[in-house]
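As C-alpha cells, the structure follows; a few thoughts come after it.
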Amino acid sequence: MATFQSLPGFRDFYPDELARRNYIFRLWRQTATAFGFAEYDAPVLEPLDLYKAKSGDEIEAQLFSFTDKGGREVALRPEMTPTVCRLVGAKANALKRPIKWFSIAEFYRYERMQKGRGRSFCQLNADLFGEPGPEAEIELIGMLVQSLCAFGLTEQDFYVRLSDRNLWFYYLGAMGLDELRIKSLLGAVDRFEKYGDDAFKGYIEQFGSLDSDLKQKVLSFLQIKSLAALEATLASVDNDKITERLADWRKLLGGLAAMGLTRYIEVDLGVVRGLAYYTGFVFEAFDRKGELRAIAGGGRYDDLVEKLGGPTLPAVGFAIGDMTFALLLEQRGLMPAFVQAVDVYCVIGGAPERAAAFGAIQALRAAGYRVEYPLREVAFGKQFKAASEAGARLALIYGGDELAKGMVKIRDMADRSEREVPLAEVVTAVRDSLQG
RNA sequence: GCGGCCAUAGCUCAGUUGGUUAGAGCACUUGAUUGUGAUUCAAGGGGUCGCGGGUUCGAGUCCCGUUGGCCGCCCCA
C-alpha cells in the first residue's frame, strides 16, 4: 500500500482516464466554439469575499478556504460564475456585446462524496452577458442541448426542464404577497418534489400560517407543464408584467422550436433552483431515467455583475459537470474506448540497423506520424507482437538484409503484405501507405 | 455534520469453528523464439491482509478505535 494517497474526494487521472476526460473536453470546446463562445480561464484561488458576497454561511461551509501566508482569506473556486462576473465586470465597457464566453475548469467543494459528486470536479461554463431578452436563453439552451447531443445522446437520454422565477414573482406578487413571502414560497416549491406538503413547513414557521387558497394556487402553478397551461392559468390575472413575460416565453419557446429542440424541452414551473442569484428563466438538464443527479443547470442572473462591483449587466449562464455526465455516457454505452494507436512501428535488427532507423524515425515524427520502436534489442518476433499490440498500421523493418540492399521493408500490419523501398524514400512511402 | 455497508497482490476475488511459510485468475516482466504479430507453455516480480490497539499459546479471521472507499440523508452554486 502506498504511503501517500490523493486527498479524499480528489481524483487521479491515469492515462486512460485522462483520455476520457480529454474526449469530453474536446467535444465541449468544439461545441462552444461553434456557438461563437470565446474561451477564458482565471485563477483557481480567489479571495474568500468573492463567494461570501453573494451567498450565505452554508455555502461558505463547503468552501476549500484558508488564510494564505500574507494573511489573506482565500478559497479554491467552487464555481465559475463569480469569477467570470469579476472578469467581465472589470472590462465591461471595452467588450463587444454580446459577450459570449466559456471555460472548462476544475472546481473544489468541501463536501461529502457521493455518486456523481466529489471534492474536485470539472465543469463546462458558458455565459452570455449584455442581452436582457430571451434571445440569450435561446442561445444558451441551444448550446446546452448540443453540448450533450455532440456525444450521441438523444431526447431518449435527457431533457431540459425550463422554468421562470420572474413569473412566480409576478404571479404571487399580483396576489399581494411581499418579496419575503414569495422567496419563502419559492423555497417550498423547490423542495416540493421531494417532501410534498412538508415543503411548506418553513413558510408556516416563518409566517404563522398558510392560506389554503394560496397553497392550492401554488400547488397548481408548480404543476404547470406547458405554455398553454401557463397562459390559461394567468389569463385571469390582469397584469402588464405578466403579459410581457408571456410574450418572452413565446419568443423563447418559438426560438427553441425553430432550432428543432422542442423534443428536449419540458416546461416545468416546479423548477426554481435553490440559488438566490437567479432572476428569470432557469433550466436544468436531467437524464430521462431519473437515476442520476442533475447533469447541467443554469439560468439568468441579471444583478450579479453589479452586486460584485461591476456595471449593470444582464447575464445568462449554465454549467455542465463532468462527473454525472461521464456516468451518463457510460450508462448509455457512449464512452468510446481510447486506444493510443501508433502509425508506424520500426522493427530493428541490431545496433547498425538502429542507427539507420533513427534518421527515419526522427523524420517521420517530425512529419507528424506517431512512431514507436523498441528501446532495447528485442527478437524480431517480439517486435512484431509489440507492433501489433501498439495498433501500428505499418511496420518498418530495418534488418541487415534490407540495409545491405539500401532498402527498407514496409509491412502492412492489417493485410500482412510487404514491399521494399529505398532508404531515402521512407517518409514518402509511409505517407503513401497511410493515405491509401 | 448524520447513517448503512465495505477494506487480502496493480485489478477481480478465495482464504474452513481462530492454527505452520497467505492463494487463484487477469495484468506485468522474462524465457521457449538470433527474421515475422491475436495462440500455447514455463518461470519470475509484486502483500508488514488499510492503520493502531485489545482478547488469545496463536489473529487475514474475534472485539474496540481510526483512516479510507461505496451508498444514502443534509446540501448541491
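Each chain gets a letter, A, B and so on, in the order its sequence line appears, and its residues count up from 1.
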Same-atom distance ([atom1]) from [N] to [M], integer angstrom:
N: C70(B); M: C13(B); atom1: P; value: 15 Å
N: G58(B); M: C5(B); atom1: P; value: 30 Å
N: A24(B); M: A43(B); atom1: P; value: 11 Å

**OP:** Find which nucleotide of RNA chain B each of Glu291(A) and Ser388(A) is nearest to by heavy atoms, and output the residue with the more 5' nucleotide.
**Re:** Ser388(A)
To the nearest Å, give me how far apart [atom1] ([X]) and [atom2] ([N]) are.
X: Asp190(A); N: A77(B); atom1: CG; atom2: C1'; result: 13 Å
X: Leu48(A); N: A77(B); atom1: CG; atom2: P; result: 19 Å
X: Glu111(A); N: C73(B); atom1: CD; atom2: P; result: 13 Å
X: Arg119(A); N: G69(B); atom1: CZ; atom2: P; result: 8 Å
X: Lys385(A); N: G31(B); atom1: NZ; atom2: C1'; result: 12 Å
X: Lys115(A); N: C70(B); atom1: NZ; atom2: C1'; result: 10 Å
X: Arg273(A); N: A77(B); atom1: CZ; atom2: C1'; result: 8 Å

Original post:
Closest to the Pro8(A) side chain: G69(B), U33(B), C75(B)?
Top reply: G69(B)
Give a yes/no on whether any side-chain N or O of [X] is located under 4.0 angstrom from OP1 or OP2 of [N].
X: Arg376(A); N: U30(B); value: yes
X: Arg191(A); N: C75(B); value: yes
X: Arg112(A); N: C73(B); value: no

Original post:
So, Phe384(A) and U36(B): ring centres less than 5.5 Å apart, planes less than 30° off, yes or no?
Top reply: yes
Subject >> Interatomic distance, Ile138(A) atom CD1 to Leu261(A) atom CG [nearest 0.5 angstrom] >> reply: 10.0 Å
Original post:
Is any side-chain N or O of Glu402(A) under 3.5 Å from a base N or O of G35(B), one able to act as donor and the other as acceptor?
Top reply: yes
Original post:
Is the NZ atom of Lys115(A) crowded by more than 12 outside heavy atoms at less than 6.0 Å?
Top reply: no
**OP:** Anything under 30° is parallel, anything over 60° is perpendicular, the rest tilted; go ahead and classify Tyr171(A) against Phe221(A).
**Re:** parallel
**OP:** Could you tell me whether Lys409(A) and Asp401(A) have a side-chain N and a carboxylate O separated by less than 4.0 Å?
**Re:** no
**OP:** Assign Gln383(A) to base, sugar-phosphate, or nothing according to its heavy-atom contacts below 4.0 angstrom with the strands shown.
**Re:** nothing
